[in-house]
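None of these values were measured; they are calculated from a predicted model.
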Amino acid sequence: MIRSEVVCCARGWLGTPWHHQGRVKGVGVDCVGVVIGVARELGLSDFDATGYGHRPDSRELERIAREMMREVPVPEARPGDVLLVEVDKQPQHLAFLTDAGMLHAYAPLRRVVEHRISDDWAARIVAAFVMPGVA
């Protein structure tokens with residue numbers, strides 16, 4: 001799987017309303033659901049994670065990310081990689097890195113969005129991962 005296919009697939013989720021633990025494109029999804037949905041659409045994984053709160057236990061999300069994907073240094077992350085982002089000083093949010101910035105289900109905006117990575121967002125990226133099967 002090439003990275004541009006990951007980004008293109010992720011962009012298919014743009015505008016999907018935010019919904020805690022949602023997994024349905026166009027209907028409702030959260031940040032974890034976007035990553036799981038893209039991986040499923042591309043046949044990369046059928047893994048799912050459920051039972052987490054609106055503010056997931058940061059250690060659990062980080063553990064799952066490290067278990068399910070290959071970590072790469074943040075400066076070496078490329079479009080199509082998954083970013084682990086701090087919210088309220090805890091690593092508890094996932095986003096895709098794109099050629100335009102980052103794409104994620106963002107609760108405050110109530111939908112999946114893509115935007116540039118401002119200095120504030122960049123400072124909150126704590127890890128980057130490559131999904132299985134992505135070159």
Side-chain angles (χ1 to χ4, degrees):
M1 181 68 46
I2 59 173
R3 293 165 180 281
S4 61
E5 291 174 292
V6 174
V7 172
C8 183
C9 183
R11 284 182 174 142
W13 290 75
L14 285 170
T16 297
W18 183 89
H19 182 75
H20 179 62
Q21 293 191 21
R23 299 291 188 266
V24 183
K25 185 193 297 186
V27 176
V29 70
D30 62 10
C31 69
V32 175
V34 174
V35 174
I36 288 168
V38 169
R40 285 180 174 171
E41 276 188 59
L42 296 174
L44 300 173
S45 175
D46 61 358
F47 174 79
D48 200 350
T50 59
Y52 52 87
H54 282 272
R55 300 272 181 173
D57 178 320
S58 62
R59 296 190 197 291
E60 182 67 9
L61 183 58
E62 189 171 7
R63 182 193 65 75
I64 290 169
R66 283 190 162 82
E67 184 177 301
M68 302 307 299
M69 299 178 280
R70 179 175 52 88
E71 188 170 4
V72 295
V74 173
E76 295 176 21
R78 298 185 295 165
D81 288 344
V82 176
L83 304 173
L84 179 62
V85 182
E86 286 185 341
V87 175
D88 296 331
K89 300 183 182 180
Q90 296 294 319
Q92 56 187 2
H93 186 67
L94 297 177
F96 278 104
L97 180 62
T98 71
D99 54 336
M102 62 190 284
L103 183 148
H104 55 126
Y106 190 44
L109 295 179
R110 309 298 297 169
R111 67 185 184 282
V112 177
V113 298
E114 183 178 20
H115 56 81
R116 73 177 190 82
I117 300 175
S118 66
D119 291 342
D120 177 57
W121 280 108
R124 298 184 323 173
I125 298 170
V126 296
F129 301 91
V130 179
M131 291 193 303
V134 174

inquiry  = I'd like to know whether R66 forms a side-chain contact (heavy atoms from CB on, under 4.5 Å) with F129, so could you lay out the CA-CA distance, the side-chain angles of the two residues, the decisive distance to 0.1 Å, and finally the verdict.
reply    = CA-CA 8 Å; R66 283 190 162 82; F129 301 91; 3.6 Å; yes
Note, F96 side chain near M131 side chain (heavy atom, < 4.5 Å) = yes
Side-chain touch T98/E114, heavy atoms, less than 4.5 angstrom = yes
query = Is D81 salt-bridged to R70, going by a charged N under 4.0 Å from an acidic O?
reply = no
request  = Determine, using the 4.5 Å side-chain heavy-atom cutoff (strictly less than), whether V7 and L94 are members of one ILVMFWY cluster.
outcome  = no
ask   = So do the side chains of H93 and C31 get within less than 4.5 Å of each other, counting heavy atoms only?
value = yes
inquiry  = Quick check: do V134 and I2 have side-chain heavy atoms less than 4.5 Å from each other?
reply    = no
key: Minimum heavy-atom distance between A128 and A77, given as atom pair plus value   = CB-CB, 3.7 Å
task = Consider only side-chain heavy atoms of I, L, V, M, F, W and Y, link residues closer than 4.5 Å, and tell whether V126 and V85 are in one cluster.
result = no
Intermediate values then yes/no, salt bridge (Lys or Arg N to Asp or Glu O under 4.0 Å), R40 and D46 = CA-CA 6 Å; R40 285 180 174 171; D46 61 358; over 6 Å; no
request  = Mind checking the CE-CD1 spacing from M68 to I36? Nearest 0.5 Å is all I need.
outcome  = 9.0 Å
inquiry  = So, taking the atom named CG in L61 and the one named CG in L84, what distance separates them when rounded to the nearest 0.5 Å?
reply    = 5.5 Å
inquiry  = Test side-chain contact (heavy atoms from CB on, under 4.5 Å) on V6 and M1; report intermediate values, then the result.
reply    = CA-CA 8 Å; V6 174; M1 181 68 46; 4.0 Å; yes
remark   = d(L97 CG, R3 CZ) to nearest 0.5 Å is 9.0 Å
message = Under a 4.0 Å threshold between the charged nitrogen and the carboxylate oxygen, would R63 count as salt-bridged to E60?
response = yes
task = To the nearest 0.5 angstrom, please state how far the CD atom of E62 sits from the CD atom of E71.
result = 7.5 Å
ask   = V38 and A10: which non-hydrogen atoms are nearest, and at how many Å?
value = CG2-CA, 3.7 Å
request  = Please list, chain by chain and in numerical order, all residues satisfying ring pair (Phe, Tyr, Trp, His ring centres under 6.0 Å) with W121, sequence neighbours excluded.
outcome  = H104, Y106, H115
ask   = Which is it for D30 and H19 under the side-chain contact (heavy atoms from CB on, under 4.5 Å) test, yes or no, and what are the steps along the way?
value = CA-CA 5 Å; D30 62 10; H19 182 75; over 6 Å; no
request  = To the nearest 0.5 Å, tell me how far S4 OG sits from R11 CZ.
outcome  = 10.0 Å
ask   = Would a hydrophobic clustering, with Ile, Leu, Val, Met, Phe, Trp and Tyr connected at side-chain separations under 4.5 Å, put V113 with I125?
value = yes
For the student: nearest non-hydrogen atoms of V24 and T16, plus distance = O-CG2, 3.7 Å
inquiry  = As an exercise, state the distance from CH2 of W18 to CZ of R110, rounded to the nearest 0.5 Å.
reply    = 5.5 Å
ask   = Given the rule that I, L, V, M, F, W and Y join up when any side-chain heavy atoms are under 4.5 Å apart, are V35 and V130 in one cluster?
value = yes
ask   = Does the side chain of E41 come under 3.5 Å of the side chain of W13 through a donor N or O and an acceptor N or O?
value = yes
query = Considering all heavy atoms of both residues, which atom of K25 and which atom of G12 are nearest to each other, and what is their separation?
reply = CD-O, 3.3 Å
ask   = Looking only at heavy atoms, what is the nearest atom pair of V29 and V34, with distance?
value = CG2-N, 3.3 Å
task = Establish whether L83 and L109 are linked, either directly or via other cluster members, by ILVMFWY side-chain heavy-atom contacts under 4.5 Å.
result = yes
message = I'd like to know whether CG of D119 has more than 12 heavy-atom contacts from other residues, nucleotides or ligands below 6.0 angstrom.
response = no
ask   = Which heavy atom in I64 sits nearest to a heavy atom in A49, and how many Å separate them?
value = CD1-CB, 4.2 Å
